[in-house]
Trainee: 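Okay, here's the structure, questions in a sec.
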Amino acid sequence: MAKPSKLKARLPRGLTDRGPAEIAATRHMVEAIRVVFERYGFEPVETPAIEYTDALGKFLPDQDRPNEGVFSFQDDDEQWLSLRYDLTAPLARYVAENFQNLALPYRSYRYGYVYRNEKPGPGRFRQFMQFDADTVGAPTMAADAEMCMLAADTMEALGIPRGSYVVKVNNRKVLDGVMNVIGVLVEKQLTVLRAVDKLDRLGIDAVRQLLGPGRKDDSGDFTQGAGLDPLQIEYLSTVIQHQPNLVVGKSTEVDTWNKNLEENESAKSGFAEMREIEASILAAGYSDRVRIDPTVIRGLEYYTGPVFEVELLLETKDEKGRPVRFGSVGGGGRYDGLVSRFMGQPVPATGFSIGVSRLQAALTMLGKLGEKREPGPVVVTVFDRDRIADYQRMVSALRAADIRAELYLGNPKNNLGGQLKYADKRGAPCAIIQGGDEKARNEVTIKDLMLGAALAGIEDRAEYLKKQAEAQFAVKEDALVEEVRKLLARHKDV
RNA sequence: GCAGGCGUAGCUCAGUUGGUUAGAGCGCUGGUCUGUGGAACCAGAGGUCGGUGGUUCAAGUCCACCCGCCUGUACCA
C-alpha cells in the first residue's frame, strides 16, 4: 500500500515569502521615498515587468539567445521576452515610444519588482524591489548632481541619519582616460575595472594582485588577474586611492602619463563633469553627504559618464554575529546612449534607483525596522455554540463602524481559553465575550488583550488570573461598538 | 562556474565500533474542559534518514556520483 509521495514544499532560492510585518515595512518605505521623489518634481509612470529581450539590450554577443542573468522565455511567435532586470532600460523604451508626447526634460519615477538570475546572498535576491527616478533629455550636470541630492534626501527620509550613509560619485570617462594613457589593452580594460571595483571589499593588496598576475582567495580559489606591469599597477593604485589629478611622478614614465592624462579628451571631460557636479553639490549644501570616489564603477553596460552609488556605513551582522556585507543600497548614473538606441537622435538621460529590498534587508538586520506588525482584528468569541448568529451580528456591527473584526472560526468546541489563545496569536487588541451570564443582563464582556499581555511576567498563577480578570469589563450590548472604539483609541499611541 | 562545509519530523536537533520496529523538545490536531491568554496532564498525526547506485549477513551510519542549502570566490545590465 504505497502512500502517494508527498510533494516537498519549497521556495526557489533567492526568492522570499513576505509576511504582514515585512509588507507593512515596505509600504512605509515606499511611501517615504515617494514623498521625496515627488518633492523633486518627478511624476509617476509604470511599465510592465516583461519586455522584448532586444528592448532590454540583453542578447548574447553574436548569438540569438538572451544573456544569462536575465530570465527569458519565448512567446507563441517565438519572440524572446524577458523579465526586466532594472527599471531604467524599460523606461528608455517607454520614452522612445512616447517621445513626441513628453515634455522634455522628462522627469518620472516608478517602483516595482525586478528580476535577476544570479546567485543570491544576504540582501541579494532574484526578485527585488527598486524605486527609480530618471531625468531624460537633460544634458546638464545639474541633473546628475540633483540625483545625488535626491539619494541623500531619500536616505534621510528613510530614517538613516547623516553620517550613516554616503553618496559616492565618479565618472566613467576618467578611468577610461587613465587606462588609455597608461596603455591598458582594450581586452584587459574590463578586468581592470572589475579589479578596481573591488577595492572597498577586498582592499588595495588584493586589487593589486588582481591587476597583476591574479589572486587566490580564502577557499583556495584562484582568480586570473589583468597581468599589468608593476609601473601600471603602481599608477592605477595611486589613482584609485587618491584623486586622479593629484598623482605625483616617481619616474619619467609616470610624469609622461600625468601630462598625457591632462590632455586626454576622455579624462578631461570626466574631470570637468565632476567639477560641475561638485559645484552644484557645494552650492546646495550637500558636500557632507556626497563624496567623489574614484573606485565607483557601477556595472559595465550602459553608463556613459557620471555614476553614483549609495552605501550604508553601518556595520551589519547576521544572527550568528558574523559581519555581513550588503554592497550598495542604491545607484545610478548617466546613460546618454540608452534611449537613442531606439531613435535617430541623441537623447541624454540620467537616473537613480534605490534598492528597496536590499535596504529593507539591511535595516531589518540592524534592527531599525520594527518586526512589529499591525494590530490584528477584534475577535468575537463563540461561547454558546448555538448563538453563532448573535456573535456574527456583533462582528458585522464592528465592521460597519470600520473596526477590523472577525468571528472565531476555529473548532467551536474549543473553550474560551483556546479562543483567547488564538486571539492572542492574531495580535487582537481585544476579545468580545458573551456567555449566558452577560446575555441575561444584556451585556457583553470586552477583554483588553493588550493590557493583559503586559501581565505575562507575573509568576504566581492565581495572581496572574486575578490581574487578567481586571483587564476586562462588561458593557451594555448596544454600547459595544462605542466601547471598543474607545479601547482602540486608548492603545493608539502605545 | 570554482573551493570548502552541511543535508535525520513543520522547526531545533540526538542517534554508540555498521546491528531489532529511527528518537526528543517545540509546534500541530484532538481530549481532560462551555467562564478566561502565560500553564499542566493524556492521546494522535507527521519520516522513502536529500536522491541514485555500490560494499556488507546487515547502511541513517562506510564508498561513489547526483541534487539541494550555507560560506567564500567568480560573474552581476
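The sequence lines fix the lettering, A, B, ..., with proteins before strands; numbering per chain opens at 1. Computation of the quantities below employed the complete heavy-atom set of this structure, encompassing side-chain atoms and omitting hydrogens, waters and symmetry-equivalent molecules. Keep in mind the model is a prediction, meaning the values are calculated, not measured.
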Trainee: Would you mind telling me which of B:G38, B:G35, B:C76 lies closest to the side-chain atoms of A:Lys421?
Mentor: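 Looking only at side-chain atoms, A:Lys421 lies closest to B:G38.
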Trainee: Does a side-chain N or O of A:Arg298 approach OP1 or OP2 of B:C76 to a distance below 4.0 Å, or not?
Mentor: no
Trainee: Mind calculating the distance between CD (A:Glu309) and P (B:C76) to the nearest angstrom?
Mentor: 14 Å
Trainee: Take atom CG of A:Leu202 and atom C1' of B:G72, then tell me their distance rounded to the nearest Å.
Mentor: 11 Å
Trainee: By nearest atom, which of the nucleotides B:G37, B:C69, B:A77 is closest to the A:Leu449 side chain?
Mentor: B:G37
Trainee: For a quick test of reading the model: is some side-chain N or O of A:Lys425 closer than 4.0 Å to OP1 or OP2 of B:G27?
Mentor: no
Trainee: Is there, by distance only and without an angle test, a donor paired with an acceptor across the side chain of A:Arg124 and the base of B:C76 below 3.5 Å?
Mentor: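 Looking at the base of B:C76, it does pair with a donor or acceptor on the side chain of A:Arg124 (distance under 3.5 Å).
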Trainee: Would you mind reading off the distance between A:Lys198 atom NZ and B:G72 atom C1', rounded to a whole angstrom?
Mentor: 14 Å
Trainee: Looking only at heavy atoms, which two atoms of A:Ser108 and A:Phe42 are closest? And how far apart?
Mentor: N-CD2, 3.5 Å
Trainee: Heavy atoms from C-beta onward define the side chain here; which of B:U36, B:C76, B:A77 lies closest to that of A:Leu420?
Mentor: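 Selected nucleotide: B:U36.
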Trainee: Can you measure A:Asp17 atom CG to B:C11 atom P for me and round it to whole angstrom units?
Mentor: 14 Å
Trainee: So, A:Phe383 and B:G35: ring centres less than 5.5 Å apart, planes less than 30° off, yes or no?
Mentor: no
Trainee: Is it true that A:Arg426 and A:Glu406 make a salt bridge, defined as a side-chain N closer than 4.0 Å to a carboxylate O?
Mentor: yes
Trainee: Once hydrogens and angles are ignored, does a donor-acceptor distance under 3.5 Å link the base of B:U36 to the side chain of A:Gln419?
Mentor: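 There is none.
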Trainee: State whether A:Arg201 places a side-chain N or O below 4.0 Å from either non-bridging phosphate oxygen (OP1 or OP2) of B:U73.
Mentor: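 It does, given that an N or O in the side chain of A:Arg201 lies less than 4.0 Å from OP1 or OP2 of B:U73.
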Trainee: Go through the steps to decide whether A:Tyr94 and A:Asp134 satisfy the test side-chain hydrogen bond (donor to acceptor under 3.5 Å, both in side chains), and finish with yes or no.
Mentor: CA-CA 12 Å; A:Tyr94 172 86; A:Asp134 296 87; over 6 Å; no
Trainee: By nearest nucleotide on RNA chain B, pick out whichever of A:Asn415 and A:Ala423 is the more 5' one.
Mentor: A:Asn415
Trainee: Between B:C76, B:A77, B:U71, which one does the side chain of A:Lys119 approach most closely?
Mentor: B:U71
Trainee: Base, sugar-phosphate alone, or nothing: which one does A:Gly417 contact when heavy atoms must sit under 4.0 Å apart?
Mentor: sugar-phosphate
Trainee: How close or far is atom P of B:G37 from atom CG of A:Leu416, stated in whole angstroms?
Mentor: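 Atom-to-atom, A:Leu416 to B:G37, this comes out as 8 Å.
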Trainee: Which dot-bracket string describes RNA chain B (Watson-Crick N1-N3 plus N6-O4 or O6-N4, or G-U N1-O2 and O6-N3, all under 3.5 Å; [ ] crossing; | other strand)?
Mentor: (((((((..((((.....[...)))).(((((.......))))).....(((((..]....))))))))))))....
